[in-house]
Amino acid sequence: MRLYNTLTRTVDEFSPREPGQVGMYVCGPTVQDVPHLGHARAVIVPDVLRRYLEWTGLEVLHVRNVTDIEDKIIARAEAEGRMAAAVADHYGRVYDEQIARLGVLPPHIVPRATGHVLEMIELIERLIEVGSAYPAGGDVYFAVRSFPGYGKLSGRSVDDLRAGARVDPDERKRDPLDFALWKAAKPGEPSWRSPWGPGRPGWHIECSAMAVKYLGDGFDIHAGGLDLQFPHHENEIAQLEAASGRQFARWWVHNGLLNIGAEKMSKSVGNIITLAEAIDGHGADVLRLYYLQAHYRSPVEFSEERLVEAGTAYARWLAFLRAVGDIEPSAAGSEPDDARRRFVAAMDDDLSTPQALAVLFDLVSAGNAHLAAGRRAEAAALRGAFTELAAVLGFGLERSERPTSVAPLVELLLELREQARARRDFAAADAIRERLAAAGVVVEDTSEGARWHVGG
RNA sequence: GGCCGGGUAGCCAAGUGGUAAGGCAGAGGACUGCAAAUCCUUUAUCCGCGGGUUCGAUUCCCGCCCCGGCCUCCA
């Protein structure tokens, strides 16, 4: 497939380092608060990439870290009057719960920063050895100007950054652009022993250390939100490549951000919609459809109306699946294969999920047309292609549950309604349908009798 | 100020050097006791503005106008 690489600024033909095997590292959350809709996008995009790569026959080793020690966690702990570890543990659990609800495949490895302090210390020591880092007080800083490649990911030159000059001039830094690899602990702060005294790792060093520990130098894909491109990812590259002299990651994949009211959704802006409330309100599949209708690199503007529209479109999928039922598919026909071909072409083109979704919508339309014409086996064949491809995009397509406990009661009411209709007592028939609707049971009449399902 | 990305129908959103996917909404028709669902038809003479290259540009180049992101923690 062809995949955009931020490092080259072009869409390049993707080929893994080891034939058949892909190593993918995704920047995970800083567990300092509940996840919001922006986090969901950053997790769905790599999920779709992984599922597609696996569907094409590759084996993907998926690593997603957890930043469980960081300034903001410490601040939160102080505010809540408990230990930083307790804060991280709590929000880590919340994150896991909500992300699981999204139907995202769990990563194979979920390394935590606090479990890899030794690896980070070793990396920092190595950086000091090669002259790319220096201790100052109890801190250690990375010397940005010692790494000639600095800026290659984000397309900036060190002098451009200088001009921006919004970096805090700390007198312990030799250069204002230098960033902390190790931070000395203030009294009462959580700390680890190190050659430079008690302290904690800087934010960027954990990803360099953990990615390479689990995936090795020059692993295939490093993903994350566009807002991490600079400085986080730039610093990750600098740290690892300055220390090893070898390439860190081969492909950099950045998802576009979720904006709200023309500003990105962000904790610090204070305009977040929590993931939990969005899933409660719309369902995981609808959220996924909402995101995937835009290309992964484009910004998406949050809109409740758009989400409702996505829900309407999604309802058509479920209605089609209900209408086809469990009919056996017909032998063949070229339609399913044509759809698969179009789907592959779309996904191979830099993960063009909008075009891939168009294939799914076309399958539903064509399938419904078959049904309307009485070609049920052909419709079932399209259902097969549809469910297969929808699964590649990560859709769960949970068909409305029909609780067995109420099924006999509903069937009884529908029988009574049929009798009422037969004697043209439509008032009674409609009353039954309305009462069922009020109870959450939707009744639809078809040429083969009434059909019912739970939910809207 | 620097570095990126974008401006396509009522809304969202793909895409291509040869004349515009898909979704939502709208219109007409079919089916139906009604409703829902579904089917059929239909909805951008045009892709921010002005130049240029070309037989031909929405698609390439230049300029301009607007919008967003990053440059500070952030998915």
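Source: prediction; values computed, not measured. Lettering of chains follows the sequences in order, A, B, ..., and the numbering in each one begins at 1.
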Counting heavy atoms from C-beta on, name the nucleotide in [options] closest to the side chain of [X].
X       : options                : result
R306(A) : C12(B), A75(B), A14(B) : C12(B)
H39(A)  : A75(B), G23(B), C34(B) : A75(B)
P354(A) : G68(B), C39(B), A21(B) : A21(B)
E309(A) : A37(B), G15(B), C11(B) : C11(B)
D362(A) : G22(B), A75(B), G33(B) : G22(B)
E444(A) : C34(B), A37(B), A75(B) : A37(B)
F361(A) : C39(B), G23(B), C71(B) : G23(B)
A358(A) : G22(B), C34(B), G23(B) : G22(B)
D430(A) : A21(B), C34(B), C39(B) : C34(B)
L258(A) : G69(B), A75(B), A14(B) : A75(B)

Only pairs with both distances under 3.5 Å count, Watson-Crick or wobble alike; so what is the partner of [N] in this structure?
N      : result
C73(B) : none
A36(B) : none
A27(B) : U41(B)
A20(B) : none
C46(B) : none
U59(B) : none

Can you tell me, in whole Å, how much space there is between the [atom1] of [N] and that of [M]?
N      : M      : atom1 : result
C4(B)  : C39(B) : C1'   : 47 Å
A25(B) : U43(B) : C1'   : 11 Å
G2(B)  : C60(B) : P     : 24 Å
C61(B) : A57(B) : P     : 15 Å
G26(B) : A75(B) : P     : 39 Å
U19(B) : G23(B) : C1'   : 24 Å
G50(B) : C65(B) : C1'   : 10 Å
U53(B) : C12(B) : P     : 35 Å

Without decimals, in angstroms, what is the distance between [X] [atom1] and [N] [atom2]?
X       : N      : atom1 : atom2 : answer
E206(A) : C73(B) : CD    : C1'   : 14 Å
L226(A) : C70(B) : CG    : C1'   : 7 Å
W452(A) : A37(B) : CH2   : P     : 19 Å
L436(A) : A36(B) : CG    : C1'   : 14 Å

| Aro-ring/base stack F426(A)-G33(B), d under 5.5 Å, angle under 30° | yes
Relative to the ring of [Y], is the ring of [X] parallel (under 30°), tilted (30 to 60°) or perpendicular (over 60°)?
X       : Y       : value
W317(A) : F361(A) : tilted
H222(A) : F248(A) : tilted
H232(A) : H204(A) : tilted

Which part of the nucleic acid does [X] contact within heavy-atom distance under 4.0 Å: base, sugar-phosphate only, or nothing?
X       : answer
S303(A) : nothing
D445(A) : base
R417(A) : base
V443(A) : base
H254(A) : nothing
R451(A) : nothing
A42(A)  : base
G28(A)  : sugar-phosphate

| field | Audit row: S191(A), K186(A), side-chain contact (heavy atoms from CB on, under 4.5 Å) steps and yes/no | value | CA-CA 9 Å; S191(A) 64; K186(A) 300 191 188 79; over 6 Å; no
Can you tell me if [X] touches the phosphate of [N], counting only side-chain N or O atoms and a distance under 4.0 Å to OP1 or OP2?
X       : N      : value
T446(A) : A36(B) : no
N368(A) : C39(B) : yes
T30(A)  : A75(B) : yes
R421(A) : C34(B) : no

Looking at [X] and [Y], does any basic side-chain N land under 4.0 Å from a carboxylate oxygen?
X       : Y       : value
D350(A) : R2(A)   : no
E97(A)  : R101(A) : no
R51(A)  : D47(A)  : yes

Taking N or O atoms only and anything under 3.5 Å, show me the protein contacts with nucleotides 3-7 of chain B, one pair per line.
from: C3(B); atom 1: O2'; to: G155(A); atom 2: O; distance (Å): 3.0

| Taking it one step at a time, do V43(A) and L102(A) satisfy side-chain contact (heavy atoms from CB on, under 4.5 Å)? | CA-CA 9 Å; V43(A) 112; L102(A) 276 180; 4.1 Å; yes
| message | Looking only at the side chains, is there a donor atom on one of Y141(A) and D175(A) sitting less than 3.5 Å from an acceptor on the other? | response | no
| message | If we count only N and O atoms by modelled type, under 3.5 Å, do the side chains of D12(A) and Y4(A) hold a donor and an acceptor together? | response | no
| query | With a 3.5 Å cut-off and just heavy-atom distances, do the side chain of R41(A) and the base of A75(B) make a donor-acceptor pair? | reply | no
| query | So how far is it from L3(A) CG to R250(A) CZ, rounded to the nearest 0.5 Å? | reply | 11.0 Å
